[in-house]
Amino acid sequence: MQPAYEAILTETRERVGLIRFNRPKQLNALNDTMMRELGEALLAFDADDSIGVIVLTGSEKVFAAGADIVGMKDFSFTDVYRSDYFTRGWLTLRQVRKPVIAVVTGYALGGGCEVAMMCDMIIAGENARFGQPEIKLGIIPGAGGTQRLPLAVGKAKAMDLLYTGRTIDAQEADRIGLVSRVVPAAQALDLALEVAAEIASFPLPALMMLKESVNRAYESPLSEGLLFERRMVHALFATEDQKEGMAAFVEKRKPGFRHR
Ligand code: DAK
């Protein structure tokens, strides 16, 4: 039985935890409640031993149209600075140690695009639309858009998107490396759940070390990242699943991973 939330829905499919944004009338605009609940649901799945991978999505029409403009339009500098507006829920996404896959169908704009980029990979429907339109509202991205977008697509494309606030379609997002796969919108969630189930069948400690190692590439010099990766692969030789995975290969049989 999943906890009842106001702005999101959660369910489990075997070893996959599914979270859906659920403010359809506001095109899933992100507000404090939604981000707090997203944080709670992520931490609950992260702590749940029966879950290996988390999938985050919206509806087929919209992933999230950005932060709730109605809710923030009258805030002053002091309001947002003193409350550290909106930050706590977002930081939770970075704390999650299990793989997180975003499924974007429809709009992922502003904070919606930033949430998708904070996930480990993005599977897009053909109707997906990405953009960082904050400049049109007189602000700039506030949840990593100026940092993660250039890392994902390179400076030239990122500056174009950030300066103009233009929206790109799924094909362009695929071409510039923002998303990993594009499929018809009606198939995107099912495909993501299949991919998630496959990933979740692999040893969880190795998946977690993989995620930590890749994230190092973004937060440290290459030499540090390489050292970290090497220590992680050394550490995996202490796991039962490494013994099982390699033994199964040699014995030409399917491995029976136990996630330890
Ligand atoms: N906020 C509030 N309501 C929104 C909304 C939003 N972002 N986006 C859409 N809605 C509402 C509309 O007001 C409308 O409400 P009603 O008029 O029906 O009451 C309803 O959703 C349907 O929207 P439309 O009538 O506009 O629908 P269309 O299909 O014509 O257009 C659209 C869809 C997505 C192209 C359009 O709604 C749109 O341009 N929306 C705004 C997109 C946007 O500018 N997003 C960026 C917001 S700024 C931070 C972290 C993050 C952020 C800030 C700080 N910290 C950690 C500090 C993020 C900032 C942003 O995301």
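What you see is a predicted model, and the numbers here were worked out from it, not measured in a lab. For ligands, and for the atoms within them, numbers begin at 1 and follow the listed sequence. Counting begins at 1 with the first residue of the sequence.
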As an exercise, identify every atom of ligand 1 less than 4.0 angstrom from a heavy atom of D68.
1 (N), 2 (C)
Show me which atoms of ligand 1 lie under 4.0 Å from any heavy atom of M72.
48 (S)
Considering only protein heavy atoms, determine whether one is less than 4.0 Å from [atom].
atom: atom 45 (N) of ligand 1; answer: yes
atom: atom 35 (C) of ligand 1; answer: yes
atom: atom 28 (P) of ligand 1; answer: no
atom: atom 1 (N) of ligand 1; answer: yes
atom: atom 18 (O) of ligand 1; answer: no
atom: atom 21 (O) of ligand 1; answer: yes
atom: atom 48 (S) of ligand 1; answer: yes
atom: atom 8 (N) of ligand 1; answer: yes

Taking [atom] as the reference point, the nearest protein heavy atom with its distance:
atom: atom 58 (C) of ligand 1; result: A67 CB, 3.4 Å
atom: atom 24 (P) of ligand 1; result: L27 CD1, 4.4 Å
atom: atom 51 (C) of ligand 1; result: W90 CZ2, 3.6 Å
atom: atom 43 (C) of ligand 1; result: A65 O, 3.5 Å
atom: atom 57 (C) of ligand 1; result: Y85 O, 3.2 Å
atom: atom 39 (O) of ligand 1; result: L109 CD1, 4.5 Å
atom: atom 14 (C) of ligand 1; result: K25 O, 4.6 Å
atom: atom 10 (N) of ligand 1; result: Q26 O, 3.8 Å

After noting the C-alpha distance and the side-chain angles of R23 and E6, does the key distance pass the salt bridge (charged side-chain N to carboxylate O under 4.0 Å, His left out) rule?
CA-CA 9 Å; R23 295 184 77 211; E6 192 184 313; over 6 Å; no
Determine the minimum heavy-atom distance between D241 and H259, stating which atoms define it.
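So the two residues come closest at OD2-N, 2.8 Å.
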Run the salt-bridge test on R129 and D169 with the 4.0 Å N-O cut-off and return the result as yes or no.
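Salt bridge absent between R129 and D169.
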